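A short write-up of the structure that comes next.
Values below: all heavy atoms of this structure, side chains included; hydrogens, waters and symmetry mates excluded. Each residue takes its place number in the sequence, starting with 1. All figures in this text were calculated on a predicted structure; none of them were measured in a lab.
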Amino acid sequence: MEYYLLTQDTRIADYAQPLGGPKFFSPKSASYQERFHALKDEILQFYTHGSDEYLDYIERPYPLVSERLKEALERCQKGILYKLAILTDLQQSNQTVYWFLAPETVSCLSSETEWHKNGAIKKLVLDSSKIGSYKVFQIAGAIEPYLVVDLDAAESVLSLDPQGIQLTRLEFIR
C-alpha cells in the first residue's frame with residue numbers, strides 16, 4: 001500500500017482565507033479529534049479575506065475541506081468526524097460550506113523516523129503494519145498536523161480535479 005501526505009498547495013497564494021476562530025485552534029493544539037470534541041455543538045463561522053477562489057483543502061490556520069472533498073474522503077473512510085464551518089465573504093455577500101475534519105489519530109511512525117531537536121520530524125517514515133485499515137488519518141506523536149491518505153483515497157481525491165491540494169508520497173516500511 002502507498003501513503004500520501006495531503007497538504008494545501010502553497011503555490012496558490014490568493015484564495016479565500018478564513019479569519020478568526022476559536023483560540024484553541026493553534027498549531028500547538030491537540031489532535032484534530034480533541035479539537036473537534038472541544039467545539040461541542042458549535043457551528044463554525046469564519047469571515048474571509050483574499051480572493052473569491054475557494055480551495056478544496058485549507059490547511060491553516062484551520063483544517064477545512066470543501067463539500068466535494070468531504071464526500072470523496074467519506075467514500076474511502078467511514079467514521080471521520082466533521083463539523084460544519086461556514087466561510088462568509090461580506091464583500092461578495094456569499095457563504096460557502098466547508099467542513100472541519102477530524103480523522104482518527106494513528107500511532108504509525110517507524111523507528112526509522114528522524115527527529116529535529118525541537119521535536120519536529122526531520123524524516124517521516126511510516127510503519128504500514130501499524131496503520132491497519134485506515135485510509136485517512138492523522139499521525140500520532142507528531143507536532144505537525146499531518147493528514148495522510150492511502151492510495152485509494154488519493155485516487156478518489158485526484159478524480160475530483162481538486163483545487164489547492166498537493167499529494168506527496170511518503171516513505172514507509174512494511
Listed by chain and number, what are the side chain to side chain donor-acceptor pair (under 3.5 Å) partners of Glu171, not counting sequence neighbours?
-> none
Partners passing side chain to side chain contact (heavy atoms under 4.5 Å, CB included) against Gln95 (at least two apart in sequence or in another chain) = Gln45, Ile86, Thr88
Residues two or more places apart in sequence or in another chain: which of them pass side chain to side chain donor-acceptor pair (under 3.5 Å) with Gln8?
-> Tyr15
Measure the CG-OG1 distance between Leu147 and Thr7 for me, rounded to the nearest 0.5 Å.
-> 9.5 Å
Heavy-atom check, side chain of Leu109 versus side chain of Ile139, under 4.5 Å | yes
With respect to Ile165, which candidate in Leu158, Leu160, Asp56, Val65 satisfies the side chain to side chain contact (heavy atoms under 4.5 Å, CB included) definition?
-> Asp56
Approximate separation, where rounding is to 0.5 Å, of Gln138 CD and Leu101 CG = 8.5 Å
Which distance, rounded to the nearest 0.5 Å, do you find between the OG1 of Thr10 and the CZ of Arg60?
-> 11.0 Å
Partner residues of Glu53 under the side chain to side chain donor-acceptor pair (under 3.5 Å) criterion, sequence neighbours left out = Gln163
Measuring from Gln166:CD to Ile12:CD1, what's the distance to the nearest 0.5 Å?
-> 8.5 Å
What heavy-atom pair brings Ser156 and Cys76 nearest, and what distance separates the two atoms?
-> CB-SG, 3.7 Å
Please step through side chain to side chain contact (heavy atoms under 4.5 Å, CB included) for the pair Tyr57 and Leu69, ending with a clear verdict.
-> CA-CA 8 Å; Tyr57 181 58; Leu69 182 56; 4.0 Å; yes
Rounded to the nearest 0.5 Å, how far does CG of Asp52 lie from CD of Gln92?
-> 5.5 Å
Inter- and intrachain pairs under side chain to side chain donor-acceptor pair (under 3.5 Å), touching residues 110-128, at least two apart = Asp127-Ser129
Test side chain to side chain contact (heavy atoms under 4.5 Å, CB included) applied to Ala154 - qualifying residues, sequence neighbours left out | Tyr4, Val149, Leu167
Results of ring pair (Phe, Tyr, Trp, His ring centres under 6.0 Å) for Tyr3 - residues two or more places apart only | Phe172
Applying the 4.5 Å side-chain criterion to the ILVMFWY set and letting contacts propagate, would Tyr134 and Ile173 be lumped into a single cluster?
-> no
For Ser51 and Asp14, indicate whether the former's side chain and the latter's backbone hold a donor-acceptor pair under 3.5 Å.
-> yes
If Ile, Leu, Val, Met, Phe, Trp and Tyr residues are connected whenever their side-chain heavy atoms lie under 4.5 Å apart, and connections chain through other members, are Leu124 and Leu151 in the same group?
-> yes
Salt bridge (Lys or Arg N to Asp or Glu O under 4.0 Å) filter on Asp89, not counting sequence neighbours, yields none
Do Val106 and Ile121 sit in the same hydrophobic cluster, where Ile, Leu, Val, Met, Phe, Trp and Tyr count as joined when their side-chain heavy atoms come under 4.5 Å apart?
-> yes
Kindly indicate whether the side chain of Ile58, heavy atoms from C-beta on, has any atom under 4.5 Å from the side chain of Pro18.
-> yes
Do you reckon Tyr47 sits in the same ILVMFWY cluster as Tyr98, going by side-chain contacts under 4.5 Å, direct or chained?
-> no
Residues two or more places apart in sequence or in another chain: which of them pass salt bridge (Lys or Arg N to Asp or Glu O under 4.0 Å) with Asp152?
-> Lys135
What residues form a side chain to side chain donor-acceptor pair (under 3.5 Å) with Arg174, not counting sequence neighbours?
-> none
Using salt bridge (Lys or Arg N to Asp or Glu O under 4.0 Å) as the criterion, list what pairs up with Arg169, not counting sequence neighbours.
-> Glu2
Quick one: does Trp99's side chain get under 4.5 Å of Leu64's, heavy atoms only?
-> no
How about Ile131 and Leu126: do any of their side-chain heavy atoms sit closer than 4.5 Å?
-> yes
Are Leu73 and Leu84 co-members of a hydrophobic cluster defined by side-chain heavy atoms under 4.5 Å apart?
-> yes
Between CG on residue Leu81 and CZ on residue Phe100, distance to nearest 0.5 Å | 9.5 Å
Which residues satisfy the salt bridge (Lys or Arg N to Asp or Glu O under 4.0 Å) test with Glu155, sequence neighbours excluded?
-> none
Do the charged groups of Glu71 and Arg75 touch, with an N to O distance under 4.0 Å?
-> no
